[in-house]
Amino acid sequence: MTEQRLWQKDVAPDERLDRFTAGNDRVLDNELAVHDVLGSIAHATMLHRCGLLDDAEARAVLGGLRTILAEVRAGTFTVGAGVEDIHSQVEIVLTERIGEAGKKLHTARSRNDQVLLDIKLYTRHRLARTVAGMQRLFGLLLDRSERFRDVPMPGYTHGQIAMPSTFGLWAAAHAESLADDLELVLAAYRIADRNPLGSAAGFGSSFPIDRLLTTELLGFSGPNVNVVYAQLTRGRTERATLTALAAVASSLARLAADAVLYLGGEHGFFRLPEDLTTGSSIMPHKKNPDGFELVRAQCNLLQGLPNALALVLANLTTGYHRDLQVTKELLFPAFTKLDDCLDILCLLLERLDVRTDILDDPKYAYLFTVDAVHSLVLQGLPFREAYRIVGRAVAVGTFERPAGQAHTHLGSAGDLRNDLIAERFAALRDAFGFERAEAALAALEHG
Ligand code: ARG
């Protein structure tokens, strides 16, 4: 049974078109439910202060919304079978329960700024969770880097044996990559952290609303000032967010690709306990690194999403377009995919074992040609001369691995300075201001 649409006048919409245009909203919008109700609580509070709801109406609306919010939290409030979206569901149920006052909630608002607001609140909420996942993985990588600080590993360029490295360097490199990614996540968060409410259909309203009040009530850092621009942030917020998620994904994909290679029999640098591998249905000896492989694949897919979104937005002119609804299909699952990958990498890395005698294999002797050149230089030979001598020794097969030389400068195996990397990550993490948003929303929820 299709409920009457909020916007329906005399003519009922064609059922097939109605189903097509609602699309996936009935499922996806449930993720917005908490945020939709919190946004409505802020909006109703503002309407009351501006004299657009009287005391009794405000009491009824706020009470009704808080009851709905409790039901959303309990998992008993979802978009009903015949209902178009979460915005309709909340308004229909509220009005059923409290009567006429429920019909006033949508004063000075459009679904355009309502869904915009929901997506910004949702994005802030999801990014906080993703940052927590990044923080766990970051901490774990630095912890492994310290624990296996001096375990030697080959370093490769062009996929060929290049120079000596360490597990300490490898793990901290992937941690520092996450610190750079956090810059982009912070930028995306800041873009989401601006209040679009009051832009209504995209051109404001003739009611004397107080946009700074809802900005404060919802814990935003500020408003999207210009109402036309506020509407333009639909799509732009999602794009900035997916770009940041894609950056994180690229770090994870590379880490996973390394792990798959180094777990392979030809390298054998890493080992996983058997319960973190999968077997083969035909080859009894297999212990496959499926966890890392699927992280690699999922994270490679995630890196395509900013492009997919750019195509949805291509050629859209200023103002709301229904096309924008599709952005939810790209954004919402992306958070969960990335969070799952962060989680599983923590599980795998926590129990990843590292071989300590890799470089004893004579095939790695050439890792030390540069060290051999440097010891000649330290004896007084010009670099180019020393390079030729060692090159000749390699060519005629007389090169012998010298005693390894310590790398002592900043950021090298002998001086990782993981403390600097950790400090930078922590400073970025603190710049988000999650606490302001959380405190504001908690106050709205509990009145
Ligand atoms: N489901 C719609 C979306 O995500 C909600 C806004 C609908 N607004 C409208 N003018 N039809 O964009």
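Numbering of ligands and ligand atoms starts at 1, following listing order. Numbers for residues simply follow the sequence, beginning at 1. Reckoned from all heavy atoms, side chains included, excluding hydrogens, waters and symmetry mates.
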* Polar contact flag, side-chain donor to acceptor under 3.5 angstrom, Asp258-His174 -> yes
* Asked: Going by distance alone, is a donor N or O of one side chain under 3.5 Å from an acceptor N or O of the other, for Ser88 and Asp85?
  -> yes
* Residue list, ring-ring contact (aromatic ring centres under 6.0 Å, His included) with Phe269, at least two apart or on another chain -> Tyr262, His267
* Could Arg124 and Phe220 be counted as a cation-pi pair, given that NZ or CZ must be under 6.0 Å from the ring centre and within 45° of the axis? -> yes
Only pairs under 3.5 Å count here: list side-chain donor-acceptor contacts from residues 288-299, not counting sequence neighbours, and write none if there are none.
residue, atom, partner, partner atom, Å
Asn288, OD1, Lys286, NZ, 3.3
Asp290, OD1, Thr278, OG1, 2.7
Asp290, OD2, Thr278, OG1, 2.9

* Structure fact -> Within the 4.0 Å heavy-atom cut-off around ligand 1, the contacting residues, ordered by chain and number, are Asp25, Arg111, Asn112, Val115, Arg234, Tyr320, Arg322, Gln325, Lys328
* To do: Could you list all the side-chain hydrogen bond (donor to acceptor under 3.5 Å, both in side chains) pairs where at least one residue sits in residues 57-69, not counting sequence neighbours?
  => Glu57-Lys104
